[in-house]
Amino acid sequence: MTEIVLASSSPARLALLRNAGLDPAVIVSGVDEEAVTADTPADLCLTLARAKASVVAEGLSEGLVIGCDSVLELDGRAHGKPASPEEAVARWRAMRGRTGRLLTGHCVIDAATGAEAAEVGSTVVRFGTPSDEEIAAYAGSGEPVRVAGAFTLDGLGGWFVDGIDGDHGNVLGISLPLLRRLFAELGVPVTSLWKQGSLR
């Protein structure tokens, strides 16, 4: 059985993979996201995903390492985690009633061979129109400062998202269909990675 390693501290990504039959080890990369720049939001999240996977893969002799990074693209700019509740309030005032794209860079590296497969997943997000009071309460919950784009689909932020076009998993932090294609590029069928007991 090939070991799967998730180079991320995201509980949502880990839960998504576990619910989908994988049992990844978690090794956090420690990459300084603020130090990385790129020309476009898509380039940024892919560069960060590659960096995270590479750092972890370098310390291993085998296994498939998954690196991911998410940003919200709005007006052509990349928005990661807000630095403060005040920034989350400002972000939500700018987002409400509008549409953005949640981009997640995915990179899988085979630590044994160094082979790599990478791609960006994109999901359109249609934001609702929460009131100033609702935005303040949401920012006060602490949730939006922990996540890219200052919102979640599967938490308190779900109340304020009218809909999405595309893969919801990509918004949560990892696209299973995209990841399946990356595994296949590396010659690994995803069904061979399912842990025993997940085949009911």
Side-chain angles (χ1 to χ4, degrees), residues 1-38 40-73 78-83 102-123 145-150 152-155 167-195 198:
M1 173 72 92
T2 304
E3 185 177 23
I4 302 295
V5 178
L6 178 62
S8 169
S9 61
S10 163
R13 288 188 183 115
L14 181 60
L16 210 59
L17 292 175
R18 282 180 170 161
N19 290 339
L22 304 189
D23 188 20
V26 173
I27 302 176
V28 181
S29 68
V31 167
D32 179 5
E33 298 181 21
E34 299 301 315
V36 177
T37 58
T40 68
D43 287 344
L44 179 63
C45 66
L46 194 58
T47 299
L48 282 165
R50 277 197 168 109
K52 292 173 181 179
S54 297
V55 165
V56 172
E58 283 168 10
L60 301 173
S61 58
E62 59 182 14
L64 293 174
V65 180
I66 303 166
C68 293
D69 188 78
S70 299
V71 297
L72 177 72
E73 182 181 19
H79 299 278
K81 298 171 185 171
L102 197 290
L103 305 174
T104 298
H106 297 65
C107 179
V108 181
I109 295 177
D110 183 334
T113 65
E116 173 192 300
E119 192 178 326
V120 176
S122 174
T123 304
V145 297
R146 295 193 295 269
V147 289
T152 61
L153 274 188
D154 57 343
D167 178 16
H168 83 284
N170 189 63
V171 181
L172 301 182
I174 209 160
S175 168
L176 296 178
L178 193 161
L179 195 58
R180 179 181 61 81
R181 293 196 299 273
L182 298 182
F183 285 150
E185 275 185 45
L186 297 175
V188 181
V190 72
T191 51
S192 72
L193 301 173
W194 290 345
K195 65 181 184 288
S198 59

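Since we're looking at a predicted model, the values are computed, not measured. Note that the numbering runs from 1 along the sequence shown for the chain.
- For Ala150, the side chain to side chain contact (heavy atoms under 4.5 Å, CB included) test picks out Pro82, Arg91, Trp92, Pro144, with sequence neighbours left out.
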Evaluate the side chain to side chain contact (heavy atoms under 4.5 Å, CB included) criterion for residues Leu64 and Leu193: first the C-alpha distance (whole Å), next the side-chain angles of each, then the deciding distance (0.1 Å), finally the verdict. CA-CA 10 Å; Leu64 293 174; Leu193 301 173; 4.3 Å; yes
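- Under the side-chain hydrogen bond (donor to acceptor under 3.5 Å, both in side chains) criterion, Asp167 pairs with Ser175, not counting sequence neighbours.
- Under the 4.5 Å side-chain criterion, counting only non-hydrogen atoms from C-beta, Thr191 is not in contact with Phe183.
- You'll find the side chain of Leu17 reaches within 4.5 Å of the side chain of Leu179, heavy atoms only.
- In this view, Thr123 and Asn170 satisfy the side-chain hydrogen bond (donor to acceptor under 3.5 Å, both in side chains) rule, not counting sequence neighbours.
- In this structure, CG on Leu44 lies 9.5 Å from CG on Leu103, to the nearest 0.5 angstrom.
- Taking each heavy atom of Cys68 and Thr104 in turn, the nearest pair found is CB-CG2, 4.3 Å.
- Annotation: side-chain hydrogen bond (donor to acceptor under 3.5 Å, both in side chains) contacts of Ser10 (sequence neighbours excluded): none.
- Arg181 pairs by the salt bridge (charged side-chain N to carboxylate O under 4.0 Å, His left out) definition with Glu119, not counting sequence neighbours.
- To the nearest 0.5 Å, atom CD1 of residue Ile109 and atom CG of residue Leu182 are 11.5 Å apart.
- In this structure, Arg13 has no salt bridge (charged side-chain N to carboxylate O under 4.0 Å, His left out) partners at least two apart in sequence or on a different chain.
- What you find for Gly105 and Cys45 is that their closest heavy atoms are N-SG, 3.4 Å.
- In this structure, the side chains of Ile174 and His106 come closer than 4.5 Å at one or more pairs of heavy atoms.
- For Thr40, the side-chain hydrogen bond (donor to acceptor under 3.5 Å, both in side chains) partners at least two apart in sequence or on another chain are Asp43.
- The CZ atom of Arg18 sits 9.5 Å away from atom CG of Leu6, with the distance rounded to the nearest 0.5 Å.
- Every side chain to side chain contact (heavy atoms under 4.5 Å, CB included) that Glu62 has, sequence neighbours left out, goes to Ala112.
- Residues satisfying the side chain to side chain contact (heavy atoms under 4.5 Å, CB included) criterion with Leu46, sequence neighbours excluded, are Arg50, Ala118, Val120.
- One distance of note links CD1 of Ile4 with CD1 of Ile66; it measures 5.5 Å at 0.5 Å rounding.
- The two residues Ala49 and Gly67 have their closest heavy-atom pair at CB-O, 3.5 Å.
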With a cut-off of 3.5 Å and sequence neighbours excluded, list every side-chain donor-acceptor pair involving residues 22-37.
| unit_1 | atom_1 | unit_2 | atom_2 | d |
| --- | --- | --- | --- | --- |
| Ser29 | OG | Val31 | N | 3.2 |
| Asp32 | OD1 | Glu34 | N | 3.2 |
| Glu33 | OE2 | Lys52 | NZ | 3.0 |

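- Contact record, Cys107 with Ala53: O-CB, 3.9 Å, taken as the closest heavy-atom pair.
- The side-chain heavy atoms of Val71 and Leu48, taken from C-beta on, include no pair separated by under 4.5 Å.
- With sequence neighbours left out, the side chain to side chain contact (heavy atoms under 4.5 Å, CB included) criterion links Thr152 to Tyr138, Glu143, Val147, Asp154.
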